[in-house]
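Notes to accompany the following structure.
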Amino acid sequence: MTKAVLLTGGAGFIGSNFVHMLAELRPDWRIVNLDALTYAGNAANLAAVEGRDEYHFVHGDIRERADVMKALELAKAGGADVYVVHMAAESHVDRSIEGGMPFVTTNVVGTQVMLDCCREAGVARFVHVSTDEVYGSLGDQGFFTESTPLAPNSPYSASKTGSDLLVRAAHHTHGFDAVITRCSNNYGPYQFPEKLLPLIIANAQEDKPLPIYGDGMYVRDWLFVRDHCEAILTVLEKGAAGEVYNIGGNNELPNLELVKQVLAALGKPESLITFVKDRPGHDRRYAIDATKIREQLGWEPRYRFSEALPLTIEWYRSQVEWLQGVRSGAYREYYQRHYDAR
Ligand code: NAD
Ligand code: DAU
């Protein structure tokens, strides 16, 4: 029987990488991409698949039942088995600190709309793409496992936690086939340059200051986006209903170290580093224990950081037009609002 994936948020960073991966690894699957094209969504990320048979873009909002049902109808056409990969979200912690409401409506309410419509449509599986931030912050030692208590610290992570709990409840109460993934920080092509890595690559290329929050010793566990996408596909195909799977790169780095590596790769001076006022409530350290997905489903990262970081830097260096396009007037306004006062 035909297989179809209804992907939400497919015009964003991870979503567009997921579309490219699926078109390559499962060429006979139909892909329906439901995306509202917010400031973070970019149709240009998907130019390579436009016009392809069995790729359908639905410009719509996950908070709108009619939009979700339209996307589901397209996915189900001809009696296809429909797998849902739900990753549409407001995703930037700093914006959630400026204002939490869009995070609640999209991440929490939007997820419930998705769950209601997908149950009604009788989909085969619902993969909910969540984040390690739902676990809160670690000290110097230890790792997040799937049984670490949920303790979100930002409006963003609190809204993602809310969505995780709604997915959990749909499985527990209604027997809905749902699986949750929780991944660490991704890096790679097509990331919107409000996030640390593309922001510092873009600024460094133009010899602009690189804003580092606080002491720069905040630790993230970096995973190449293609590895995350392959992990999501693994969970879709092999995961057990009702389970949570952590996904991580076992690749911890303090922000300052990451920035120094980027500067070295670009041949730019460390004097561009500028320490600025810290992010309120800033989580000190994230680190994922990905034993469960490795042992139970056989997934592990394929890309080494030492190879994938230069690939990523090179991608941004070569994508001058893409970077110019996304750093539009609205981006410049955000940048000024957010950084000028720091
Ligand atoms: P992103 O901000 O780059 O993209 C989000 C996409 O969702 C955009 O295309 C946007 O247009 C769309 N969208 C937003 N609101 C919508 C709505 N109401 N209806 C329909 N579409 C809407 O995000 P990303 O970094 O690609 O993250 C994708 C998912 O992965 C998110 O759920 C995020 O929580 C999760 N995640 C991200 C990371 C990371 O490092 N980026 C790590 C772990 C988990
Ligand atoms: O851990 C997974 C999460 O990773 C995802 O759920 C989020 O959607 C994603 O945005 C990301 O969240 P972070 O807050 O970790 O990512 P960000 O790129 O915003 O920041 C990474 C680190 O860099 C963090 O410690 C804050 C710091 N930082 C960030 C910016 C934008 C700076 O020092 N300066 C900056 O200008």
Side-chain angles (χ1 to χ4, degrees), residues 5-9 14-15 18 62 83-91 93 103 106-108 110-112 114-116 118-119 123-138 142-154 156-186 220-223 225 227-252 283 285-301:
V5 168
L6 166 56
L7 172 68
T8 68
I14 300 171
F18 190 82
I62 58 165
Y83 296 85
V84 178
V85 177
H86 175 42
M87 57 172 88
E90 288 293 337
S91 69
V93 173
F103 289 75
T106 283
N107 299 359
V108 183
T111 297
Q112 187 60 47
M114 286 296 300
L115 289 167
D116 290 343
C118 292
R119 264 200 322 115
V123 303
R125 163 154 290 179
F126 187 98
V127 180
H128 178 62
V129 178
S130 189
T131 169
D132 59 357
E133 298 201 13
V134 299
Y135 297 122
S137 183
L138 290 165
F143 297 89
F144 296 133
T145 71
E146 288 80 359
S147 53
T148 300
L150 303 179
N153 288 319
S154 71
Y156 161 68
S157 54
S159 67
K160 289 296 288 188
T161 308
S163 67
D164 284 24
L165 296 180
L166 292 171
V167 174
R168 180 183 183 277
H171 172 73
H172 184 84
T173 304
H174 300 292
F176 184 59
D177 187 325
V179 194
I180 296 173
T181 62
R182 294 188 180 134
C183 189
S184 59
N185 285 63
N186 286 211
R220 297 294 183 264
D221 176 0
W222 294 94
L223 180 73
V225 63
D227 278 322
H228 183 192
C229 292
E230 290 182 10
I232 293 168
L233 181 60
T234 303
V235 168
L236 183 158
E237 294 184 317
K238 299 193 203 159
E243 292 295 316
V244 174
Y245 297 94
N246 281 355
I247 302 167
N250 202 14
N251 180 45
E252 291 179 51
D283 286 336
R285 174 172 167 258
Y286 304 145
I288 280 280
D289 178 344
T291 307
K292 180 174 171 181
I293 189 171
R294 188 180 67 245
E295 291 189 349
Q296 295 187 8
L297 308 186
W299 173 88
E300 59 186 352

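Basis for what follows: all heavy atoms, side chains included, without hydrogens, waters or symmetry-related copies. Values in this document were obtained by computation on a predicted structure and should not be read as measured data. Starting from 1, each residue takes its place in the sequence as its number.
Proximity of Asp132 to Asn246: side-chain heavy atoms (C-beta onward) are nowhere separated by under 4.5 Å. Residues Glu230 and Phe18 fail the side-chain proximity criterion, which asks for heavy atoms closer than 4.5 Å. At a threshold of 4.5 Å between non-hydrogen side-chain atoms, the residues Glu252 and Phe143 count as touching. Side-chain contact between Ile293 and Val235: present, with at least one pair of heavy atoms (C-beta onward) separated by less than 4.5 Å. At least one side-chain heavy atom of Leu115 sits under 4.5 Å from a side-chain heavy atom of Phe126.
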Next on the checklist: With side chain to side chain contact (heavy atoms under 4.5 Å, CB included) as the criterion, how do Val127 and Val84 come out once you've worked through the C-alpha distance, each side chain's angles and the decisive distance to 0.1 Å?
Outcome noted: CA-CA 6 Å; Val127 180; Val84 178; over 6 Å; no
Checklist entry - So Tyr245 and Leu297, side chain to side chain contact (heavy atoms under 4.5 Å, CB included) or not? Walk me through it. => result CA-CA 10 Å; Tyr245 297 94; Leu297 308 186; 3.6 Å; yes
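Asp116 is linked by a side chain to side chain contact (heavy atoms under 4.5 Å, CB included) to Gln112, counting only residues two or more places apart in sequence or in another chain. With sequence neighbours excluded, the residues satisfying salt bridge (Lys or Arg N to Asp or Glu O under 4.0 Å) with Arg125 are Asp177. Residues forming a salt bridge (Lys or Arg N to Asp or Glu O under 4.0 Å) with Glu146 (at least two apart in sequence, or on another chain): none. Not a single side chain to side chain donor-acceptor pair (under 3.5 Å) links Thr173 to another residue, sequence neighbours left out. Legend: residues meeting ring-ring contact (aromatic ring centres under 6.0 Å, His included) with Tyr135, ordered by chain and number and at least two apart, are Phe144. With sequence neighbours excluded, the residues forming a side chain to side chain contact (heavy atoms under 4.5 Å, CB included) with Asp227 are Leu223, Phe224, Trp299, Pro301, Arg302, Tyr303, listed by chain and number. For Thr131, the side chain to side chain donor-acceptor pair (under 3.5 Å) test picks out no residue, with sequence neighbours left out. In this view, Asp221 satisfies the side chain to side chain donor-acceptor pair (under 3.5 Å) rule with no residue, not counting sequence neighbours. Not counting sequence neighbours, Arg220 has no partner by the salt bridge (Lys or Arg N to Asp or Glu O under 4.0 Å) test. Under the side chain to side chain contact (heavy atoms under 4.5 Å, CB included) criterion, Ala158 pairs with Pro152, not counting sequence neighbours.
Within the structure, the salt bridge (charged side-chain N to carboxylate O under 4.0 Å, His left out) test picks out the following pairs touching residues 232-250 (sequence neighbours left out): Arg26-Glu237, Glu243-Lys292.
Each of Ile247, Thr234, Val244, Leu236 was evaluated against Thr181; a single residue qualifies, Ile247, per the side-chain contact (heavy atoms from CB on, under 4.5 Å) test.
Heavy atoms of other residues, nucleotides or ligands lying less than 6.0 angstrom from CG of Asn250 number 12 at most.
Taken to the nearest 0.5 Å, the OG atom of Ser91 stands 8.5 Å off from the CG atom of Asn107. The distance from the CG atom of Asp289 to the OG1 atom of Thr148 is 8.5 Å, given to the nearest 0.5 Å. Atom-to-atom distance recorded for Leu6:CG and His86:NE2 is 10.0 Å, nearest 0.5 angstrom.
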Tabulate below the donor-acceptor pairs under 3.5 Å that side-chain atoms of residues 160-172 make, not counting sequence neighbours, or state none.
{"unit_1": "Lys160", "atom_1": "NZ", "unit_2": "Val129", "atom_2": "O", "d": "2.9"}
{"unit_1": "Thr161", "atom_1": "OG1", "unit_2": "Ser157", "atom_2": "O", "d": "2.6"}
{"unit_1": "Ser163", "atom_1": "OG", "unit_2": "His128", "atom_2": "NE2", "d": "3.0"}
{"unit_1": "Ser163", "atom_1": "OG", "unit_2": "Lys160", "atom_2": "O", "d": "2.7"}
{"unit_1": "Asp164", "atom_1": "OD1", "unit_2": "His128", "atom_2": "NE2", "d": "3.1"}
{"unit_1": "Asp164", "atom_1": "OD1", "unit_2": "Ser130", "atom_2": "OG", "d": "2.8"}
{"unit_1": "Asp164", "atom_1": "OD2", "unit_2": "Ser130", "atom_2": "OG", "d": "3.0"}
{"unit_1": "Asp164", "atom_1": "OD2", "unit_2": "Arg182", "atom_2": "NE", "d": "2.8"}
{"unit_1": "Asp164", "atom_1": "OD2", "unit_2": "Arg182", "atom_2": "NH2", "d": "3.0"}
{"unit_1": "His171", "atom_1": "ND1", "unit_2": "Phe176", "atom_2": "O", "d": "2.8"}

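Distance alone, capped at 3.5 Å, is enough to place a donor-acceptor pair between the Arg285 side chain and the Gly142 backbone. Counting only distance, with no hydrogens or angles, the side chain of Asn186 and the backbone of Ser184 share a donor-acceptor pair below 3.5 Å. Side-chain atoms of Ser159 come within 3.5 Å of backbone atoms of Tyr156 as a donor-acceptor pair (strictly under, hydrogens ignored).
A pairwise comparison of heavy atoms in Glu133 and Ser154 identifies OE1-OG, 4.3 Å as the closest pair. Of all non-hydrogen atoms in Gly9 and Ala88, the two that sit nearest each other are N-CB, 3.5 Å.
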